[in-house]
Amino acid sequence: MAKIIDGKAVSARIKAEIRQEIEAEKLKVGLAVVIVGSDPASRVYVNNKKKDCEACGIISFEYALPGDTTNDELLELIGTLNEDPKINGILVQQPLPKQINVQSVNERISALKDVDAFRFENMGRIVDGNFNFLPCTPGGIMDLLHSENISVSGKECVVVGRSNIVGKPMAMLLLHENATVTICHSKTVDLAAICRRADVLIAAVGKKGIITADMIKPGAVVIDVGMNKNDEGKLCGDVDFAAVAEKSSYITPVPGGVGPMTRAILMKNTIKAYRLQKT
Ligand code: GUN
C-alpha cells in the first residue's frame, strides 16, 4: 500500500517560510492576478491563489475583466502592471477566451514579473537549467519528491502529457536531476507498456482515471496532476487512485497533492521576483 504524499502539508511549510521571510524583513510584495471571463474553475483557482497570498503576507491585486475583453485591452493592462512598482509578479489565469492570443499575453509580461515562467525567455532558461522562476506545477512536484527524499537520478521517469505548462518543463526538471525521461502523449503507441517502465510516473493528461493499475510497475512513485470532475461533480485526478495505491510505493491524492504545491511555488516565485527587482 502506497504512502500518500501530503501536498497540503508540504505547501503549508513552504508558505510558512515565505511568511516568516516577509515578516522578518517587513517586505511589501505584490502579486497581480488577472482573470478574463467567468469560467467557474478559473474563479476557484484564482480565489485559492488570493488565499495563499494572504497566508504568506503577499498583497494580491485582482483584475477581473469581462469575457469579451479584446487582446489589446488585456495587453494594455499588462503594460500598466509592468510599470507598477507595487506589483512584483503578474499571473494571467488560463485558459483565456478565444479572441485572446495567449502567446502575445505571455510575451507582454515583463521577464522579471513572469512568475508563471511562461515567456519564451523563461521557458528557454528552464531548458538550460539557469532559471529565475520555476515552472509552478513541475517545481511543486520536485518539492514533493524531495520532501520524501525520493531521488530520480538514473531512474526511468515517464511524463504523460506534453503541455507547455506541465509536461515539457516537468521533463526538463527531471532531466536536470539526472532522470531518464520519456514524454508520452495522445499519439503514443502502447502507453501502458511505457508507463509500466516508470519508476516515477507523472500523469498530466486531464482525463479522469486514464492511468489504471495495470499500467503501474510495482513500487513506482505516482504523481497525479489531473484536475477532473467525476460523475458526482467531485474533483478527481488522472489516476485510478484506489487501485494504483495498492501497487505503488508513493502516490499523490487529488485534491490535496499537486494542486496546493503549484500555488506554493507561485508564492516562492513572487518573492523571488521581488528580490530580482530590488537588485
Ligand atoms: N491554468 C492552469 N494552470 C495554470 C498556471 O499554472 N498558471 C496560469 N496562469 N494559468 C493556469
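In listed order, ligands and their atoms are each counted from 1.
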- Message: Is there a polar contact, in the sense of an N or O pair closer than 3.5 Å, between Lys49 and ligand 1?
- Response: no
- Message: Under a plain distance cut-off of 3.5 Å, with no hydrogens placed, do Asn132 and Asn122 share a side-chain donor-acceptor pair?
- Response: no
- Message: Is Phe118 close enough to touch ligand 1? Criterion: a residue heavy atom under 4.0 Å from a ligand atom.
- Response: yes
- Just to confirm, does any protein heavy atom lie below 4.0 Å from atom 3 (N) of ligand 1? no
- Note on the structure: the protein heavy atom lying closest to atom 7 (N) of ligand 1 turns out to be Asp116 OD1, 3.1 Å
- Query: Is there a heavy atom of Thr137 sitting under 4.0 angstrom from any atom of ligand 1?
  - Reply: no
- Query: Hey, are Gln277 and Lys113 close enough side-chain-wise for a donor-acceptor pair under 3.5 Å?
  - Reply: no
- Starting from the C-alpha separation in whole Å, work towards a yes-or-no answer on salt bridge (Lys or Arg N to Asp or Glu O under 4.0 Å) for Arg43 and Glu62. CA-CA 11 Å; Arg43 173 41 65 195; Glu62 181 182 305; 2.9 Å; yes
- Query: Would a 4.5 Å heavy-atom cut-off, applied to side chains only, mark Leu276 and Lys278 as touching?
  - Reply: no
- Query: What do you reckon, does Val92 have a nitrogen or oxygen under 3.5 Å from a nitrogen or oxygen of ligand 1?
  - Reply: yes
- Task: Taking atom types as modelled, find out whether Lys234 and Asn230 have a side-chain donor-acceptor pair closer than 3.5 angstrom.
- Result: no
- Message: Treating Asn269 as the side-chain partner and Leu134 as the backbone partner, does any N or O pair qualify as donor plus acceptor under 3.5 Å?
- Response: yes
- Nearest non-hydrogen protein atom to atom 1 (N) of ligand 1, with distance, is Gln94 O, 2.9 Å
